[in-house]
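Just so you know, these numbers come straight off a predicted model, no measurement behind them. Each chain gets a letter, A, B and so on, in the order its sequence line appears, and its residues count up from 1.
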Protein chains: 2
Amino acid sequence: MACEQVFIQQLRERGFRLTPQREIILSVLHEVEGLVTAEEIHRRVQRISTTIDISTVYRTLELLEELDLVSCVDTSEAQRRYELLGIHGPHLHLVCQACGRVIAAELEIARDFDERLRTGYGFQPALDHLSIPGLCSTCAASGASPTQGRGADGVLG
Amino acid sequence: MACEQVFIQQLRERGFRLTPQREIILSVLHEVEGLVTAEEIHRRVQRISTTIDISTVYRTLELLEELDLVSCVDTSEAQRRYELLGIHGPHLHLVCQACGRVIAAELEIARDFDERLRTGYGFQPALDHLSIPGLCSTCAASGASPTQGRGADGVLG
DNA sequence: CTAAATGCAAATATTTTGCAGGTTA
DNA sequence: TAACCTGCAAAATATTTGCATTTAG
């Protein structure tokens, strides 16, 4: 089922309403790639309808999160970032501390790690809800350094 | 070398000054365990000297971060959390989304994961600078659910 | 004595909330 | 038409900054 259909169905089921604002915000989420801030969404939304307020964007994002259509992650920046789920399914986010680029990575590569957290610590990690700071290959090659944090100096030896 | 000695030495080297406020803040960081917010630090600092302002706490934390004596992580809460480095060395933080508890975990368990990020994506992760959301064993057992986010439903199957 | 640090207050920045009026089902 | 949703404005929260004064070296 397409994302919009899920959205409409879930709205109906829960007694919520389909408004033009919500449609526009959902469509904007479709056209961006990677993680975006509420402000970025708002800017794009305003190209379509200039009167839509950022509070409506926040409220819609909150709603979409509740319906599991959108995921919110805390990067190390000031602003939260959001993204549409369900196209590629859940995945990890690698966030470059030098250039800010976000790289999607398969959750598979964290399988051992996930397992060890569960067996060794009784902890059930929500890895799909996480962004990993570090340096992307380009920035690492060019010798760029993180704009914040302690960097990626290979603490594991 | 003790943490305070490193601090004093680094301050001298860089032309910074050792003030009573800075000593108090550093001592408070020693006595707390796990990740603490600037506000929590400030509250404890004020038990010792009531006039110290929270802006001084922020400025000192920033300085300590620069000297690599303190690490700052973004949890999924609103406030940043800080902790003293160098006692146990760098480690991972497991943050329970239900009760807020922070569990320290060995970096070792992320070795495979780290390796795969490097070889598979050319990404150099800063895992010691990261907190992992999820559910702690107690909360998982009691059926508690995350106060935010998508939870820990085992997306890896 | 001088540059650096502090406390205070005000500014920023992001996100949330109250409410009157408009809209969906 | 009745509950829901929106835009606006203001509030709340966390962090940063400007500045006069104090203080460490």
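Following rounding to the nearest Å, A:Arg22 (CZ) and C:dT24 (C1') show an atom-to-atom distance of 10 Å. In this structure, CD of B:Glu62 is placed 16 Å from P of C:dA4, rounded to the nearest angstrom. Computed from coordinates, the A:Ile41 CD1 to C:dT15 P distance equals 10 Å when rounded to whole Å. We find that CG of A:Asp53 is positioned 17 Å from P of C:dA20, with the value rounded to whole Å. One interatomic measurement links the two molecules: CD1 of A:Ile54 to P of C:dT16, which rounds to 11 Å at whole-angstrom precision. One can place CG of A:Leu11 at 9 Å from P of C:dA25, the figure rounded to the nearest angstrom. Following rounding to the nearest Å, B:Arg12 (CZ) and C:dA4 (P) show an atom-to-atom distance of 16 Å. Between A:Glu40 atom CD and C:dT14 atom P the separation is 11 Å, expressed in whole Å.
The heavy-atom pair separating A:Ile54 from A:His42 by the smallest distance is N-NE2, 3.4 Å.
Checking B:Ser55 against B:Leu18, the closest nucleotide of DNA chain D that is more toward the 5' end is the one next to B:Ser55. Residue whose closest nucleotide on DNA chain D sits further toward the 5' end, between B:Thr19 and B:Tyr58: B:Tyr58.
Of all nucleotides in DNA chain D, those with any atom nearer than 4.0 Å to a heavy atom of chain A start and finish, going 5' to 3', at D:dA3 to D:dC8.
As judged by a 4.0 angstrom heavy-atom cut-off over every strand, B:Ile52 is placed among residues touching the sugar-phosphate backbone only.
With respect to A:Arg116 and B:Asp112, a salt bridge is recorded, a charged nitrogen being found less than 4.0 Å from a carboxylate O. For A:Arg43 and A:Glu40, the salt-bridge test fails: no basic side-chain N is under 4.0 Å from an acidic carboxylate O. A salt bridge links A:Glu108 with A:Arg111; the closest basic N to acidic carboxylate O contact falls under 4.0 Å. Salt-bridge formation is detected for the pair A:Glu31/A:Arg44: a Lys NZ or Arg NE/NH1/NH2 atom is positioned less than 4.0 Å from an Asp or Glu carboxylate oxygen.
The shortest side-chain heavy-atom distance between B:Leu85 and B:Val70 does not fall under the 4.5 Å cut-off.
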Take B:Tyr82 and B:Val73 through the side chain to side chain contact (heavy atoms under 4.5 Å, CB included) test and state the conclusion after the steps. CA-CA 6 Å; B:Tyr82 300 84; B:Val73 300; over 6 Å; no

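An OP1 or OP2 oxygen of C:dT23 is reached within less than 4.0 angstrom by no side-chain nitrogen or oxygen of A:Gln21.
Below the 3.5 angstrom threshold, one finds no donor paired with an acceptor across the side chain of B:Arg59 and the base of C:dA5.
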